[in-house]
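One structure is given below, encoded as structure tokens.
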Amino acid sequence: MANTRGNFSFTALQPLELPTISKEMWNCPYSNDYFAKYAENFEEKDASPSFSMLSEAALSLGITIVGGSMPECDSGMLFNTCCVFGADGKLKAKHRKVHLFDIDIPGDISFKESDIFTAGDRPTMVDTEMGCIGVGICHDIHFPELAMLYSAKGAHLICYPGAFNISTGELLWELVQRARAADNQLFVATCSPSRESNGSYMIWCHSTLVGPNGEIIATSGHEETVVVAEIDYSAIQLRREHIPVQNQRRGDVYKFIDLVEHKP
């Protein structure tokens, strides 16, 4: 496990502002009505201004950028995609949202990403000067299997750009972040848009960095802001030595078993 210490910054901004980690759908309104309009084919650099801007910013600042997510068009399909750029400005990896946000809470909110997006089909990990980073997008955080995979493969940090709505955000946003961090004993970072009172999709906000104990290291409110926090990866090793759950897992027990009723 690398003993790496460094500064980590993320933000909750309206579109076209740039943090080290950006939010979900940062270059367009979060609405099925706009995703296709703002979609970019990343292979056509001249026609992909958002993609190119992230690349140029990473190069000029000499930093790694986990570029939130943007609508990506490829072979006639749309994806909710997060691009990771290295300090040289080159694309290091891209993650297509695996778990699409289809939700229907009567009397509250109904939203179906699968009406327009195609789901990604693979996890995404990338080695950077900030350590090994796993990437998920918003609803991906609800699925502990993805985080467990990243942990097992050596991730130090999982980044989830997201845009939880008011209802699910108040109830679950902090809870699932702390759960993914504590269960896997690593760092979890989320970046959300700030709240837009005129939008049709009301966002909970609260970009957050969580440590391997499940502790909140830094967080924001619902306004535009930049959060800077220090991460020390040696805390991961200490936590795993103190409570060695990874070595205590019982793979021989975690199986579905058909229970047979025994009659006297």
To the nearest 0.5 angstrom, please state how far the [atom1] atom of [X] sits from the [atom2] atom of [Y].
X	Y	atom1	atom2	answer
D127	H156	CG	NE2	8.5 Å
L78	I116	CG	CD1	5.0 Å
T128	I63	OG1	CD1	11.5 Å
F187	D232	CZ	CG	6.5 Å

Qualifying residue, where the test is ring-ring contact (aromatic ring centres under 6.0 Å, His included) with H139 and the options are F101, F164, Y160: F101
F51 and F42 aromatic ring geometry - parallel, tilted or perpendicular at 30°/60° bounds: parallel
Ring geometry between H99 and F143 (parallel below 30°, tilted from 30 to 60°, perpendicular above 60°): parallel
Can you tell me if [X] uses its side chain to pair, donor with acceptor, with the backbone of [Y] under 3.5 Å?
X	Y	result
Y254	R250	yes
S55	K90	no
W173	H206	yes

Side-chain cluster (under 4.5 Å, hydrophobic types only) that Y34 belongs to, other residues: Y38
Ion pair D74/K94, N-O distance below 4.0 Å: no
